[in-house]
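All remarks here apply to the structure that follows.
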Amino acid sequence: MARSQGNAPGAGENRPWTDSLQRGRVPGPRLPQQRVVDGTGPSTRSVHAGTYEDPITGAVGTPVFQSTTFTFTEDTYQAFDQGHIRDVPIYGRYGSPNQWSVQEKIASLENAESALMFSSGMAAITTTLLALTNRGGHIVSSRDVYGGTFNLLREDMHQLGRSVTFTDPTDMAAIRAAVRDDTQVLFFETLTNPLLKAVPLVELGELARERGLLLVVDNTFLSPVHLRPLEHGAHLVIHSATKYLNGHSDVTAGVVAGTRKYVDRIWSQLLKFGGSLDAMMCFLLERGLKTLALRMRRHSENSTALAAFLAEHSAIRAVHHPSRPEYPYRWLHDICPDGWGGMVAFELHGGDEAALKLLDRLELPVVATSLGGVESLVSLPFNTSHSFLTARQRREVGIEPGLVRFSAGIEDPDDLLADLDQALSGL
Ligand SMILES: *Cc1c(COP(=O)(O)O)cnc(C)c1O
């Protein structure tokens, strides 16, 4: 088993209460029929890990178990008796063969003991943060997180008795200074929207261990093909599976992965909050995941080619992409050397007016929010994700006039470049 054997925080003054949980350290949940392909590369894991091999029909792919409840057996009663009901099929919200297949695939890709599916990325984030903190607890996070997450942290956490400090996610000194005696969780995105700021993940992991905190990261923008945060000090990794993991802009889902100790705790919160994922969505997500490694390579090649082209173009003032020599967060390259997904952001000299014109003139990319699909998507932060801010507040968080957010799909790079070229000419 090439699984990480857990990331329990070392001895610290302020150990989280979750440390006292004595859970069995079996990976899974997993059925005996599911394929395990640890020790293989990311493409092999994408294709094979977790597949349920039906012993009766020999079906090559995981069948859809469209059933909300499962017949009680001796195993079920034993599981109730021994308190490991997460490991047997009982009821759809508790777990199902389709959830377990897709969970196993993602756990394998993230090199985690266990993963847990949710009905959206926000369900994963909300359930995880509330499972890992308690009343009076404190969270350190950043203003650069996804809008839904920011609203949860800013509006709801206070109501629920948790306090939150927002810091610059790239400033380790500021993050250190924000940690208090009552801090329980550090929550950051590995690569942020839309400016692709990278968090100093390794240093955050060290801080978490030093102070007995849990480091939870949202790795949506990079996917486990480019970065596996659990290997660099994170305790838990979250994805909006709606984006790259599914990859086809047709499923809303979320996931958290880590050691069973923590994922089991989050599972018991999921049972109450109820954001579980339906069997059919699991099937679609499992199918999408089979091409994850292939897709990520193309997304990354395309965004890198676009960044290089844009950096040379006279209509462009700045390009934000980890491949550019002026990219400031160099620590990303140490842990994530050969690909950064499909996102690229750039600023037009002509400001928001020119950016609006560009969107009108582009023919290939779809003008829509979201990211990570096979089709290129383009949008402007100023009138979408960051429209609730004033122009001055936008500048304070680095959203300059004329900023365009481009999610490169997997189209032929020459076609994307030609389209951008025609749309930019004469702006
Ligand atoms: C989209 C997104 C989310 C929210 O995911 P949903 O599946 O839409 O609920 C969370 N974090 C990041 C980084 C995202 O891009």
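The chain is numbered in sequence order, starting from 1. What you are looking at is a predicted structure, and each value in this text was computed from that prediction instead of being measured. Start at 1 and go down the list; that is how both ligands and their atoms are numbered. Scope of the values below: all heavy atoms of this structure, side chains included, with no hydrogens, waters or symmetry mates.
A salt bridge does not link R93 to D278: none of the charged nitrogens lies less than 4.0 Å from a carboxylate oxygen.
Across Q103, R86, R30, K261, a single residue satisfies side chain to side chain donor-acceptor pair (under 3.5 Å) together with S114, and that is R86.
For S303, the side-chain hydrogen bond (donor to acceptor under 3.5 Å, both in side chains) partners are H321, not counting sequence neighbours. F382 pairs by the ring-ring contact (aromatic ring centres under 6.0 Å, His included) definition with nothing, not counting sequence neighbours.
Applying the salt bridge (charged side-chain N to carboxylate O under 4.0 Å, His left out) test to pairs two or more places apart or on separate chains, those with a residue in residues 292-310 are R298-D412.
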Where does ligand 1 get N/O contacts under 3.5 Å from the protein, atom by atom?
residue, atom, partner, partner atom, Å
ligand 1, 5 (O), S240, OG, 2.9
ligand 1, 7 (O), G121, N, 2.9
ligand 1, 7 (O), S240, OG, 2.9
ligand 1, 7 (O), T242, OG1, 2.6
ligand 1, 9 (O), G121, N, 3.0
ligand 1, 9 (O), M122, N, 2.9
ligand 1, 11 (N), D218, OD2, 2.7
ligand 1, 15 (O), K243, NZ, 2.7

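Both tests hold for K243 against Y146: distance to the six-membered ring centre under 6.0 Å, angle to the ring axis within 45°.
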